[in-house]
**Q** 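One structure follows; several queries about it will come next.
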Amino acid sequence: MNDKHDLTTGPIIRKLLWFFIPIAAGSILQQLYNAVDAFVVSRYVGTAALAAVGGSAARIMEFLIGFCVALSNGAAVIIAQRFGAKDFDEVKKAIHTSYLFCGLLGLALSALVLVFTNPLLTLLKTPADTFSESAAYLRIVFFGASFTLLYNMGASALRSLGNSRFPFICLAFTCVLNSLLDILFVAVFRWGVNGAAWATVISQGLSAILVTWALIKNDAAFRFSFRDLRIAKDILSRMMKIGIPAGLQASMYSVSNIILQIGINLLGTVVVASWSMSGKVDGLFWVCSNAFSAAVCTFVGQNYGANKIDRIRICVKKGFLVFLGMTIVMCVGILALARPIVGIFTSDTAVVETTRYIIFFFVPTYVLWIVIDMLSGVMRGLGDTLIPTIITGVAICGFRVLWVLTIYQLYPSLFVICLCYPLSWLLGDIGIFIHYKRTPLLKDRN
C-alpha cells in the first residue's frame, strides 16, 4: 500500500489539499469541456439548440444520473472506511460488488430513458422549438449511461483508496477528446446537438475503460478482476443503506430543480438559454465546491475507519476556513469576468444581459452553500446519510417546491425564481449544522 494514499497519517490540511487539488482540477476540466459543448452548439447551431442541451434535457440527466451515481457511491464510503481500517478483503468485495451493480444499473437506465423521453419532456413543459432536439440529445446520451456510471464508480473507488491523481489524468485526456469530437461532429460534420451527444458518449466510454484499467493495475491486495465480479449481499446491503438516502437526496435536489425548470421554461427560450449559460460561467465554484466535499468525505471515511476522530474534528474546523477563503476568491473572480465570458459563448444581446443578471444575483450568496456542502461531506464519510437527506428534503427541496407553487404563482418572474435558492440554502445551513453538532458518531470509539 502506498502511504501517500493513506489519509489517516501526516499533516491534515496539507493531505486534504493535495487530495482535493486533482479532484478540483479534473472537475474544472470537465466544466471546461461542458463549456466547449455550449460554445460549439451555440455558435454553430443556435440559441434554441443551446436551450435544448442545457434546459429540460439537462435537468432530466441531473435527476437520473445524479440518483444512480449517489446510490452507487454508497460503496465509496465503505471502501474508504475499510481502507482506513486496513481491511483489504472488504475493500475488494466492495469494489467488485459496486462495479457489477453499476453496469447493470446503467443498462436499466438506458432502457428507461429510451421509452419515457417524450413523456418526461412533455411533463417539464419543454418549449416547442427545443423539444425534438432535447429528445434526440437525451436518447443518445443515455445510450452510454453504463459508461457514465462505471466511470464515476471507478473514479470514486480510486479516490476512496486515496488516489485522486489518476481520475484527474483520465478526465483530462477524455475532456480534450470530447472537445475535439464536439468540433468535428458539430462544427465540421454539422450533426447539431446529436454530434454533441455522441461526443459525450464516446468520451465517457473511454473514461470508463481507463478507470477500469487503473483498478486492474492497482495493489494486489484488492486488485480488480472481471473473474471476481459478483454481488456480495452484505456489501450490497450496506451500500444501499448509505446509497439510497444519498440517492434520494440527489434526486430531491434534481426534482426541485426540475419543478423550477418548469417555471423557467414558462419565461421563454431566452431565459432558458441564459439559465443554462449562467451555469457554464459560475461552474468553477460548483465543481470546486463538490470536489472539496468529496475530498472531505474520503478523508473522514478513512479516518473514521481508523478511529482517528480528533483528525476529523480538526479537518472540519480548519477545512471550513480554507473552503470559505477559496469561495470568496472564486466569487470575486466570477463577478469580474462574467460579461466577457458570456460574450465568448453567444452574441445574442438578450441572452448576454439575462445571464449577467442571474450571475450577479447568485454569486454573492454562494457563501451560504459551503456549510451544507462541507458538513454533508463529513456526514457521508461517517456513513450517516439518512438525517441529512431528511434535512435536504424539507429545508431545501420542499421549500423550493412550495415556493414555486405559491410565491411564483403570484409573482412569476426571474427574480422570484432566483430568490428561492439562497433562502433554501440558509434553511439547509441551520438544519445540517444542528445535526452535525448532535451526532454521536464523532465520539471516540474504544
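Numbering starts at 1 and runs along the sequence shown.
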**Q** Could you please spell out the steps behind the side chain to side chain contact (heavy atoms under 4.5 Å, CB included) verdict for Leu375 and Val316?
**A** CA-CA 8 Å; Leu375 295 184; Val316 173; 4.2 Å; yes

**Q** Taking the six-membered ring for Trp, are the ring centroids of Phe299 and Phe19 within less than 6.0 Å of each other?
**A** no

**Q** If you measure only the distance, is there a donor-acceptor pair under 3.5 Å linking the side chains of Thr8 and Asn303?
**A** no

**Q** We want to know whether Trp286 and Asn290 form a side-chain donor-acceptor pair, criterion being a heavy-atom distance below 3.5 angstrom.
**A**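 Trp286 vs Asn290: no donor-acceptor pair found between side chains.
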
**Q** Could you check whether any side-chain N or O of Gln204 sits under 3.5 Å from a backbone N or O of Gly144, counting only pairs where one atom can act as donor and the other as acceptor?
**A** no

**Q** For the pair Arg82 and Asp89, find out whether any cationic side-chain nitrogen is under 4.0 Å from an anionic carboxylate oxygen.
**A**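 Salt bridge: no.
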
**Q** Considering only heavy atoms from C-beta outward, does the side chain of Ile309 approach that of Asn307 to under 4.5 Å?
**A**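 Yes; the side chains approach each other to less than 4.5 Å.
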
**Q** Mind listing the closest non-hydrogen atom pair of Gln302 and Leu7 along with its distance?
**A** OE1-N, 2.8 Å

**Q** Considering non-hydrogen atoms only, spot the tightest contact between Leu368 and Pro422 and give its length.
**A** CD1-O, 3.7 Å

**Q** Supply the atom-to-atom distance Phe185 CZ to Trp198 CH2, rounded to the nearest 0.5 angstrom.
**A**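 Phe185 atom CZ to Trp198 atom CH2 measures 9.5 Å (nearest 0.5 Å).
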
**Q** Contact between Thr212 and Leu150 at the side-chain level, heavy atoms closer than 4.5 Å - yes or no?
**A** no

**Q** Where is the tightest heavy-atom contact between Ala294 and Arg380, given as atom of each residue plus distance?
**A**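 The answer is N-NH2, 4.3 Å.
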
**Q** With a 4.5 Å limit on heavy-atom distance, are the side chains of Glu90 and Ile78 in contact?
**A** no

**Q** Could you tell me whether the side chain of Phe142 reaches within less than 4.5 Å of the side chain of Thr148, counting heavy atoms only?
**A** no

**Q** Give a yes or no on whether the backbone of Ile95 and the side-chain of Ser98 come within a donor-acceptor separation of less than 3.5 Å.
**A** yes

**Q** Hey, could you give me the CD1/NZ distance between Ile79 and Lys92, rounded to the nearest 0.5 Å?
**A** 13.5 Å

**Q** With no hydrogens and no angle check, is any side-chain donor or acceptor of Arg159 less than 3.5 Å from a backbone partner on Ala80?
**A** no

**Q** Would the distance check show the side chain of Ser293 and the main-chain N or O of Ser289 forming a donor-acceptor pair, the cut-off being under 3.5 Å?
**A**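 No, because the side chain of Ser293 does not come within donor-acceptor range (under 3.5 Å) of the backbone of Ser289.
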
**Q** Please test Asp310 against Arg313 for salt bridge (charged side-chain N to carboxylate O under 4.0 Å, His left out), starting from the C-alpha separation and ending with a verdict.
**A** CA-CA 5 Å; Asp310 284 342; Arg313 296 193 187 104; 2.7 Å; yes

**Q** Taking all heavy atoms of Phe166 and all of Leu210, pick out the closest pair and write down the distance.
**A** CE2-O, 3.4 Å

**Q** Rounded to the nearest 0.5 Å, what's the gap from OG on Ser376 to OH on Tyr436? Could you check?
**A** 12.5 Å

**Q** Can you tell me how far CD1 of Ile372 sits from CE of Met374, rounded to the nearest 0.5 angstrom?
**A**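 If I round to the nearest 0.5 Å, the distance is 14.0 Å.
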
**Q** Looking at NZ of Lys86 and CZ of Phe88, how far apart are the two atoms once the value is rounded to the nearest 0.5 Å?
**A** 6.5 Å

**Q** Go through Ile60 and Leu121 one step at a time and tell me if the side chain to side chain contact (heavy atoms under 4.5 Å, CB included) criterion holds.
**A** CA-CA 8 Å; Ile60 292 170; Leu121 290 173; 3.8 Å; yes

**Q** Identify the heavy atoms of Ile391 and Gly428 that sit nearest to each other, and give their distance.
**A** CG2-O, 4.2 Å

**Q** Looking at side-chain heavy atoms only, is the closest gap between Leu260 and Cys420 below 4.5 Å?
**A**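 SC-SC contact between Leu260 and Cys420 confirmed.
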
**Q** Are there over 12 heavy-atom neighbours, none belonging to Phe360, within less than 6.0 Å of that residue's CZ?
**A** yes

**Q** Is any side-chain heavy atom of Arg400 closer than 4.5 Å to one of Ile259?
**A**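 When only atoms from C-beta onward are counted, Arg400 and Ile259 do not touch, as no gap falls below 4.5 Å.
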
**Q** Are any side-chain N or O atoms of Thr174 and backbone N or O atoms of Leu171, one a donor and one an acceptor, separated by less than 3.5 Å?
**A**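 Present.
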
**Q** Is the side chain of Thr97 donor-acceptor paired with the backbone N or O of Ala232 at a distance under 3.5 Å, no angle test?
**A** yes

**Q** Using side-chain heavy atoms (C-beta onward) and a distance below 4.5 Å, is Leu382 in contact with Ile312?
**A**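 Yes - at least one pair of side-chain heavy atoms lies under 4.5 Å apart.
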
**Q** For Tyr357, is the OH atom crowded, meaning more than 12 foreign heavy atoms sit under 6.0 Å from it?
**A** yes

**Q** Would Leu180 and Leu184 satisfy side chain to side chain contact (heavy atoms under 4.5 Å, CB included), going step by step from the backbone distance to the final call?
**A** CA-CA 6 Å; Leu180 293 175; Leu184 179 65; over 6 Å; no

**Q** Which word best sums up how the rings of Phe362 and Tyr421 line up, parallel for under 30°, tilted for 30 to 60°, or perpendicular for over 60°?
**A**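 Aromatic pair Phe362/Tyr421 classed perpendicular.
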
**Q** Please step through salt bridge (charged side-chain N to carboxylate O under 4.0 Å, His left out) for the pair Asp234 and Lys93, ending with a clear verdict.
**A** CA-CA 10 Å; Asp234 59 326; Lys93 285 169 61 179; 3.2 Å; yes

**Q** Within the supplied structure, the quantity of interest is the number of heavy atoms (other residues, nucleotides, ligands) at a distance under 6.0 Å from Phe173 CZ; does it exceed 12?
**A** no

**Q** What do you reckon, is CZ of Phe361 surrounded by more than 12 foreign heavy atoms closer than 6.0 Å?
**A** yes

**Q** Do the non-hydrogen side-chain atoms of Phe285 and Ile370 ever get within less than 4.5 Å of each other?
**A**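 Side-chain contact under 4.5 Å: yes.
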
**Q** Determine whether a donor-acceptor pair (N or O, by modelled atom type, separation under 3.5 Å) exists between the side chain of Tyr408 and the backbone of Gly263.
**A**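 A pair under 3.5 Å: yes.
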
**Q** Trp425 and Thr365: side-chain donor and acceptor closer than 3.5 Å?
**A**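 No, no side-chain donor-acceptor contact under 3.5 Å.
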
**Q** Ignoring hydrogens, what is the shortest heavy-atom contact between Ser156 and Ala76? Give both atom names and the distance.
**A**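 Answer, listing the atom of Ser156 first, then Ala76: CB-CB, 3.9 Å.
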
**Q** Does the plane of the ring in Trp403 sit parallel, tilted or perpendicular to the ring in Phe399? Use 30° and 60° as the thresholds.
**A** tilted

**Q** Ser278 and Arg356: side-chain donor and acceptor closer than 3.5 Å?
**A** no

**Q** Between CH2 of Trp369 and CD1 of Ile396, what distance do you get to the nearest 0.5 Å?
**A** 5.5 Å

**Q** Between the main-chain N or O of His435 and the side-chain N or O of Thr439, is there a donor-acceptor pair closer than 3.5 Å?
**A** no

**Q** When you measure from the side chain of His96 to the backbone of Ser225, do you find a donor-acceptor pair of N or O atoms at a distance under 3.5 Å?
**A**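 It does hold such a pair.
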
